[in-house]
Amino acid sequence: MSYTAIKVENLTKEYTLRHQQASNYTALRDVIVDRAKSVFRGQTGSDRKEKFLALDDVSFSIQSGDRVGIIGRNGAGKSTLLKVLSRIVSPTKGRITLEGRIASLLEVGTGFHPELTGRENIFLNGSILGMSKMEISKKFDEIVAFAEVEKFLDTPVKRYSSGMFVRLAFAVAAHLEPEILIVDEVLAVGDAAFQKKCLGRMREVAGDGRTILFVSHNMEAVQKLCNKGILLNKGKLVMEGSIDAVTGKYLETFSEGQSWYDIAKPLDAENKAAIATRLQIEDVNEIPVSEVSIGANYNFRIYFTINKKVEGFVAAIGLLTIFDQPVRTTWSEPTDLEPGNYTALFKSEGIILADGQYKLNVGLSKGTSVIHNAENAGLLTISEVSTLVNDKQIINTKSGLIINQMPVQIIQCK
């Protein structure tokens with residue numbers, strides 16, 4: 001018999017952000033004076049506080065046995081919502097009603113003690129989740145088998161890789177029979193086989209009438225696992241309903257195409273021999289466009305900088321469906337490049353994509369050694385028009401991956 005497992009009413013979580021305005025040059029006497037003034041002021045004059053609503057008056061309910069995907073762009077409030085539901089952080093306002101025991105997997109190693117072994121952490125984490133020693137012992141062999149860490153069971157977990165950490169943490173959370181299982185994007189740390197295994201286990205958990213909340217940017221995984229969805233944007237609830245309706249609303253609202261995309265620098269950018277800086281979508285006349293009609297040719301232009309000489313340099317671009325299914329991968333011929341600014345122009349001659357939206361990944365490498373890899377670097381929008389494509393090949397998005405070489409020009413910028 002179904003019942004309301006989670007009820008959220010007018011949930012609000014507010015944070016105070018403090019911005020410190022530092023001058024270009026601060027003398028020691030300025031620091032001393034400012035510190036002295038802060039005794040009377042209560043804060044330094046260069047500090048500025050700002051209120052930020054991570055969650056803004058959110059209300060919804062979830063029935064037992066539902067598999068709910070929580071989706072939204074970065075900063076939408078997804079992880080904050082899970083932390084509040086897991087009682088890791090307290091809400092500013094609102095009411096939450098939970099029926100049953102909760103197991104949460106929000107970050108790698110949450111609830112694990114690094115100095116304890118895998119065996120000891122299974123019992124520790126199980127106790128944190130409210131299980132008795134007898135209950136944990138009954139599930140112990142299943143947990144170890146699922147996590148595939150038999151050889152390292154008596155090794156301190158501080159020596160585990162991130163993948164081993166996740167496997168063991170998920171195995172504990174999913175096998176100790178919680179009524180509510182909460183899983184954040186943490187599964188992205190594992191490999192494809194492990195993710196498939198986890199999705200299968202979560203289906204089993206839901207089949208027993210238990211409730212799952214799942215956050216992921218992988219729309220394909222969300223659609224495969226979940227039957228319900230919640231869409232958040234800037235802390236507000238946009239929509240709740242069937243997973244197909246919610247993912248459709250997400251793609252319609254937040255996946256608008258544009259003609260160019262700045263590529264985020266990696267943390268170790270100063271040590272990279274090459275850095276991609278921008279991705280641009282163009283028509284055949286090399287004019288930037290935000291979308292391309294089905295049947296028309298188009299170009300991709302990658303702007304990049306060579307910081308030190310690279311022998312055998314290769315630029316690559318990959319297309320995936322909006323649900324992360326690979327469609328096409330292509331690359332340039334290896335070439336030697338001296339330091340400077342360049343563009344790589346990829347021409348889509350001969351292959352036409354079906355209408356829809358496609359994620360774009362950008363890669364720079366030296367032979368087979370990756371220098372800079374940028375996932376979700378841009379979005380290609382193919383619009384449906386009544387143009388006769390004649391005998392040109394149209395790629396059905398479910399037909400699999402095509403690997404080939406597009407005509408590519410690498411041009412040094414003046």
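Along the sequence shown, residues carry numbers from 1. Quick note: numbers below take in every heavy atom, side chains included, and nothing from hydrogens, waters or symmetry partners.
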Asks: With a 4.0 Å cut-off on N to O distance, would you call E115 and K158 a salt bridge?
Replies: yes
Asks: Between F146 and K197, is there a cation-pi geometry (under 6.0 Å to ring centre, at most 45° from the normal)?
Replies: yes
Asks: Any side-chain donor paired with an acceptor under 3.5 Å for N341 and T305?
Replies: yes
Asks: Distance-only, no hydrogens or angles: does the S348 side chain make a donor-acceptor pair with backbone N or O of N297 under 3.5 Å?
Replies: no
Asks: Given S79 and D184, is the side-chain hydrogen bond (donor to acceptor under 3.5 Å, both in side chains) satisfied, shown in steps?
Replies: CA-CA 7 Å; S79 294; D184 203 345; 2.9 Å; yes
Asks: Would you call E286 and R301 a salt bridge, using N to O less than 4.0 angstrom?
Replies: yes
Asks: Looking at D283 and N285, would you say the former's side chain and the latter's main chain have a donor-acceptor pair under 3.5 Å?
Replies: yes
Asks: Any chance you could lay out the ring pair (Phe, Tyr, Trp, His ring centres under 6.0 Å) test for Y342 and Y303, step after step, and finish with the verdict?
Replies: CA-CA 6 Å; Y342 296 82; Y303 291 80; over 10 Å; no
Asks: Hey, is the main chain of F152 close enough, under 3.5 Å, to the side chain of Y160 for a donor-acceptor pair?
Replies: yes
Asks: Backbone N or O of H113 within a donor-acceptor pair of the N121 side chain at under 3.5 Å?
Replies: yes
Asks: Using modelled atom types only, decide if a donor and an acceptor are shared between the side chain of S369 and the backbone of K366 within a distance under 3.5 Å.
Replies: no
Asks: Kindly indicate, with the supporting measurements, whether the criterion side-chain hydrogen bond (donor to acceptor under 3.5 Å, both in side chains) is fulfilled by T211 and E179.
Replies: CA-CA 6 Å; T211 307; E179 281 73 35; over 6 Å; no
Asks: Do F313 and F304 have ring centres separated by under 6.0 Å?
Replies: yes
